[in-house]
Amino acid sequence: MLSITELLIALFLTLFITNYFKLQWMRKRYPPGPTPLPIIGNLLTLKFVLHHEVLMQLAKTYGNVFTVWLGHKPVVVLNGCQALRDGLISHSEELIERPTIPTFQEMSKGKGVIFSSGHTWKQQRRFGLTTLRNLGLGKKNLEARIQEEALSLVEFFATMTGKSLDPSPAIVLSVTNVIAAVVFGHRFSRDDKEFHQLIEANDIIVDKLFSLWGRLFDVFPWLMRHLPGPHQDVFKSNAFVEEFLKKEIQSHKENGVPEEPQDLIDFYHAKISTDSHDVTSTFNEHNMVRLAADFFGAGTETTTTTLRWALLYMVKYPEIQENVQKEMDDVIGESQIIHYEDRKRLPYTNAVIHEIQRMSSIAPIGLFRKTVKEISLQGFNIEKGSLIIPNLFSALCDPEHWETPQQFNPGHFLDKEQKFMHKEAFLAFSAGHRVCLGETLARIELFIFFTSLLQGFTFRLPEGVKNVNMDPIFGGSLQPQPYQICAVPR
């Protein structure tokens with residue numbers, strides 16, 4: 001007779017072998033890719049994270065449309081500009097849905113705009129875009145707020161009188177106050193402890209949501225939900241953000257003037273009221289909290305991280321910094337207020353900002369999509385319900401579209417006449433129906449903050465420091481290593 005241990009081993013081996021052959025049969029329905037193992041799929045090959053460079057290496061073997069397995073779930077990867085544009089733009093309607101990913105579901109419960117789908121997503125996104133327009137996106141009033149925060153940042157740097165400093169905290173506070181004005185209708189002081197806690201909570205979410213622990217939670221949610229680890233910090237931070245927002249929402253209820261909406265929360269309260277008899281409406285306080293969290297989270301991380309990279313690149317390439325300042329001095333002057341419209345007169349400066357975005361590629365991997373019906377993509381039939389992941393980084397360094405993809409070169413965005421030109425491979429904000437909701441706001445912020453800082457200062461390495469570490473820290477976004485610089489008044 002077999003012992004219980006032997007029976008258990010036999011049972012495990014049987015299940016392992018059965019699962020292995022099942023996976024081999026299933027993978028025939030998908031584009032090629034590395035052979036998945038039972039239970040863990042390709043997690044070992046991926047080193048338990050979806051790293052853009054690992055995906056690019058796999059593309060060299062399997063082509064620009066290939067499949068990786070996260071546990072038992074197949075994920076089709078789009079790599080390279082052509083495959084990405086085919087999927088995200090040509091098949092935008094078919095790739096409009098978000099799949100039910102355990103980490104996403106734990107965070108948002110399908111509410112808001114980033115992780116939602118279907119009717120909820122359509123209503124929340126349309127409302128978000130309308131509200132940004134109502135608040136003056138592309139007009140003087142919202143731009144004036146950005147200019148005020150940029151001036152506040154310039155004034156702070158001026159107090160340092162060229163001394164060595166870490167610019168990150170000051171940048172984060174100034175940029176976060178822009179989105180705070182959009183969502184809450186007011187700014188926070190640099191000494192507000194709860195505001196600092198809110199920023200810290202948002203940082204934890206971004207840093208750890210897409211980490212090894214997040215991927216383990218996606219594959220084994222029933223187990224990871226009960227285990228300690230950084231994934232629990234993400235969920236605690238998310239709860240803190242939502243509680244903070246609920247207090248702001250309650251304050252708006254008690255003190256706001258319904259006839260004079262001033263911010264996202266005011267407009268949302270008005271929308272709930274006007275749609276109260278519409279049974280198809282998704283406007284309620286649960287979606288309001290999540291939409292505000294989406295605005296706040298996405299509206300701070302991307303811009304602050306890009307600006308941190310921007311100053312590092314200017315220190316790395318002082319001759320480019322000097323060329324930007326010369327163009328601004330010639331066109332704008334040394335003390336004039338800079339407007340977003342000025343980008344049309346500053347082609348070189350605009351090109352430098354775009355090249356910073358291309359090289360830093362702070363969001364290298366786009367969020368998961370799901371096909372709503374069967375599609376043909378780059379010669380492969382992708383069945384309905386398939387998970388899609390876009391490797392946006394691969395378009396930003398696609399050698400077919402960039403002359404020197406691995407080098408910092410503003411000429412990528414300048415034509416023969418030195419006029420600014422748009423590039424189809426520039427997918428820093430993703431593309432299609434799921435393109436970043438705050439793209440225009442981010443573009444305005446980047447331009448005004450960057451030009452305001454270079455108008456007022458020349459950025460240099462501290463005395464005795466010669467090397468600039470350009471190796472990114474991989475997390476929810478690609479962040480620069482901590483660094484010190486000197487902002488020398490011009």
Side-chain angles (χ1 to χ4, degrees), residues 50-53 55-56 77-89 92 95 114 137 171 175 179 206 210 294 297-314 340 343 347 349-369 388-414 420-451 470 472-480:
L50 285 169
H51 196 292
H52 53 285
E53 291 183 348
L55 296 180
M56 288 183 66
V77 179
L78 305 184
N79 193 84
C81 178
Q82 193 54 52
L84 284 163
R85 291 185 65 85
D86 192 9
L88 302 182
I89 298 176
S92 186
L95 268 63
I114 293 178
L137 184 61
I171 290 173
V175 172
I179 203 66
V206 173
F210 300 98
D294 289 345
T300 57
E301 169 61 24
T302 54
T303 304
T304 56
T305 302
T306 305
L307 284 171
R308 288 165 59 205
W309 277 113
L311 296 186
L312 200 57
Y313 275 109
M314 293 303 95
Y340 184 56
R343 74 192 187 283
T349 301
N350 198 16
V352 168
I353 294 172
H354 280 72
E355 184 67 355
I356 290 166
Q357 291 180 272
R358 186 190 74 83
M359 285 290 290
S360 60
S361 186
I362 63 166
I365 303 291
L367 294 177
F368 286 96
R369 311 284 186 95
I388 308 289
I389 195 81
N391 185 4
L392 301 176
F393 178 88
S394 65
L396 297 175
C397 62
D398 191 328
E400 294 185 9
H401 293 266
W402 308 102
E403 183 181 355
T404 56
Q406 305 302 324
Q407 297 177 19
F408 191 89
N409 177 12
H412 286 142
F413 294 93
L414 296 170
F420 180 82
M421 63 176 177
H422 297 278
K423 300 292 286 285
E424 67 172 9
F426 184 74
L427 300 179
F429 296 97
S430 192
H433 291 320
R434 283 278 184 174
V435 69
C436 175
L437 176 63
E439 177 182 355
T440 302
L441 177 61
R443 288 180 181 276
I444 297 173
E445 288 183 276
L446 284 174
F447 183 81
I448 291 178
F449 273 101
F450 179 76
T451 53
M470 305 301 289
I473 299 172
F474 181 81
S477 62
L478 293 185
Q479 301 191 24

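Without hydrogens or angle criteria, Ser430 side chain to Cys436 main chain gives no donor-acceptor distance under 3.5 Å. With hydrogens and angles disregarded, a donor-acceptor distance shorter than 3.5 Å links the side chain of Arg358 to the backbone of Pro405. With hydrogens and angles ignored, the 3.5 Å screen pairs no side-chain donor or acceptor of Asn409 with any backbone N or O of Thr404.
How far CG of Leu307 is from CG of Leu312: 12.5 Å, rounded to the nearest 0.5 Å. Rounded to the nearest 0.5 Å, atoms CD (Glu400) and SG (Cys81) are 8.5 Å apart. With values rounded to the nearest 0.5 angstrom, Phe449 atom CZ is found 10.0 Å from Thr304 atom OG1. The structure places OG1 of Thr303 at 14.0 Å from CZ of Phe450, a figure rounded to the nearest 0.5 Å. Here the CH2 atom belonging to Trp309 is positioned 9.5 Å from the CD atom belonging to Gln479, to the nearest 0.5 angstrom.
Under the 4.5 Å side-chain criterion, counting only non-hydrogen atoms from C-beta, Met314 is in contact with Ile356. Side-chain contact between His52 and Ser394 is absent, with no heavy-atom pair separated by less than 4.5 Å. Under the 4.5 Å side-chain criterion, counting only non-hydrogen atoms from C-beta, Ile353 is in contact with Phe447. Using a 4.5 Å heavy-atom cutoff, the side chains of Thr306 and Gln357 are in contact. Side-chain contact check for Leu78 versus Asn391: every heavy-atom pair is 4.5 Å or farther apart. The closest side-chain heavy-atom distance from Phe426 to Leu396 is below 4.5 Å. Looking at Ile388 and Leu88, their side chains never come closer than 4.5 Å, going by heavy atoms from C-beta outward. With a 4.5 Å cut-off on side-chain heavy atoms, Glu424 and His401 count as touching.
The nearest pair of heavy atoms linking Thr300 to Val175 is O-CG1, 4.2 Å. Across all non-hydrogen atoms, the minimal contact from Leu427 to Leu84 is CD1-CB, 3.9 Å. Closest non-hydrogen pair, Ile89 versus Gly432, comes out as CG1-N, 4.2 Å. The shortest heavy-atom contact between Thr305 and Leu478 is CG2-O, 3.5 Å. For Met56 against Asn79, the heavy-atom pair with the smallest separation is CG-OD1, 3.6 Å. Contact between Phe408 and Val352 at its shortest, heavy atoms only, is CZ-O, 4.2 Å.
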For this session: Give the intermediate values and the outcome of side chain to side chain contact (heavy atoms under 4.5 Å, CB included) for residues Tyr313 and Glu355.
Result: CA-CA 10 Å; Tyr313 275 109; Glu355 184 67 355; over 6 Å; no
For this session: Please assess Leu311 against Ile171 for the test side chain to side chain contact (heavy atoms under 4.5 Å, CB included), listing each intermediate value before the final yes or no.
Result: CA-CA 11 Å; Leu311 296 186; Ile171 290 173; 3.9 Å; yes
For this session: Show the numbers, then the answer: is there a side chain to side chain contact (heavy atoms under 4.5 Å, CB included) between Gln82 and Asp398?
Result: CA-CA 9 Å; Gln82 193 54 52; Asp398 191 328; over 6 Å; no
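Between Trp402 and His412, the ring-plane angle classifies as perpendicular under the 30° and 60° cut-offs. Ring pair His354/His422 is perpendicular by interplanar angle, where above 60° counts as perpendicular and below 30° as parallel.
A cation-pi geometry, defined here as NZ or CZ lying under 6.0 Å from the six-membered ring centre and within 45° of its normal, holds between Arg343 and Tyr340.
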